[in-house]
Amino acid sequence: QVQLVESGGGLVQAGGSLRLSCAASGGTFSGYAMGWFRQAPGKEREFVAAISWTGSSTNYADSVKGRFTISRDNAKNTVFLQMNSLKPGDTAVYYCARSWYSYWNSNVRDWGQGTQVTVSS
């Protein structure tokens, strides 16, 4: 069974940067689009970013557009989320997600366990 494992979360001051990683355990990401979601305490989970299998297309939530960048290294079976100019509103648990398809359509097949990102003011 494929397991998605996130890493790279932590505590950072407003205006700082973090880079999240998502790696596959027991399988690969071959052929599948990947995405990132986040969920703040007491809030609903929201979409952050997604990338197609080949990396030819990406999409972002308006709240992170211009600040976050999603990328992938298929040779290393890893997906990244580079987060710059972080704001306190970005504080949340960030989840990696695998799609059923090669292009993202918000239909999630698998979820990672999440990694905490905390941005202080």
Side-chain angles (χ1 to χ4, degrees):
Q1 181 177 355
V2 175
Q3 183 178 6
L4 307 181
V5 181
E6 301 97 334
S7 62
L11 175 64
V12 64
Q13 292 183 333
S17 298
L18 285 173
R19 191 189 195 196
L20 305 183
S21 298
C22 174
S25 176
T28 72
F29 298 151
S30 179
Y32 299 99
M34 300 292 295
W36 288 94
F37 290 75
R38 67 186 183 185
Q39 186 169 23
K43 302 292 185 179
E44 296 184 357
R45 187 172 300 185
E46 64 175 345
F47 171 79
V48 175
I51 187 169
S52 63
W53 173 43
T54 64
S56 61
S57 64
T58 58
N59 58 304
Y60 298 91
D62 289 341
S63 60
V64 306
K65 192 173 183 179
R67 299 187 298 120
F68 291 10
T69 302
I70 188 171
S71 62
R72 65 193 299 164
D73 185 341
N74 289 338
K76 296 183 177 180
N77 202 34
T78 305
V79 179
F80 305 97
L81 184 67
Q82 179 66 46
M83 305 185 295
N84 299 326
S85 301
L86 283 163
K87 305 174 182 179
D90 296 319
T91 295
V93 177
Y94 283 71
Y95 296 91
C96 180
R98 182 170 70 135
S99 173
W100 287 94
Y101 312 103
S102 59
Y103 284 87
W104 185 259
N105 71 346
S106 299
N107 191 355
V108 175
R109 179 177 182 176
D110 298 293
W111 295 95
Q113 86 288 349
T115 185
Q116 176 71 47
V117 172
T118 302
V119 184
S120 62
S121 60

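All values below come from the heavy atoms of this structure, side chains included, with hydrogens, waters and symmetry mates left out.
If you check the side chains of S17 and N84, you find a donor sitting under 3.5 Å from an acceptor. For E6 and Q113, the side-chain atoms include at least one donor-acceptor pair closer than 3.5 Å.
W111 is listed as a side-chain neighbour of R45, based on a closest heavy-atom distance under 4.5 Å. Side-chain contact between F47 and W104 is present, with at least one heavy-atom pair separated by less than 4.5 Å.
Summarising the hydrophobic clusters (Ile, Leu, Val, Met, Phe, Trp, Tyr; side-chain heavy atoms under 4.5 Å, direct or chained), the residues clustered with L11 are none.
When every heavy atom of G9 is checked against every heavy atom of L20, the shortest pair comes out as N-CD2, 3.6 Å. Nearest heavy atoms, R72 versus A33: NH1-CA, 3.9 Å. Nearest heavy-atom pair, S21 versus W36, reported as atom, atom and distance to 0.1 Å: O-CH2, 3.7 Å. Closest approach of L4 and C22 over heavy atoms only: CB-SG, 4.1 Å. In terms of heavy atoms, G31 sits closest to W53 at N-NE1, 2.7 Å. Counting all heavy atoms, side chain and backbone alike, S25 lies closest to V5 at CB-CG2, 4.4 Å.
Between the CG atom in L81 and the CE atom in M34 there is a gap of 11.5 Å [rounded to 0.5 Å]. Atom CE of residue M83 and atom CD1 of residue I70 lie 12.0 Å apart, to the nearest 0.5 angstrom. Going from atom CZ of F80 over to atom CG of D73 covers 5.5 Å, rounded to the nearest 0.5 Å.
With hydrophobic clusters built from ILVMFWY side chains whose heavy atoms lie under 4.5 angstrom apart, F37 does not share a cluster with V64.
For the side-chain contact (heavy atoms from CB on, under 4.5 Å) with S99, the qualifying choice from V108, N105, I51 is N105, the only one to do so.
In this structure, S63 contributes its side chain and A61 its backbone to no donor-acceptor pair below 3.5 Å.
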Given V79 and F29, is the side-chain contact (heavy atoms from CB on, under 4.5 Å) satisfied, shown in steps? CA-CA 9 Å; V79 179; F29 298 151; 3.7 Å; yes
Show your reasoning for whether side-chain contact (heavy atoms from CB on, under 4.5 Å) applies to L18 and L86. CA-CA 8 Å; L18 285 173; L86 283 163; 4.2 Å; yes
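Applying the side chain to side chain donor-acceptor pair (under 3.5 Å) test to every pair with at least one member in residues 87-98, sequence neighbours left out, gives these pairs: R38-D90, R38-Y94, R67-D90, R98-D110.
Under the side chain to side chain contact (heavy atoms under 4.5 Å, CB included) criterion, S57 pairs with S52, Y103, not counting sequence neighbours.
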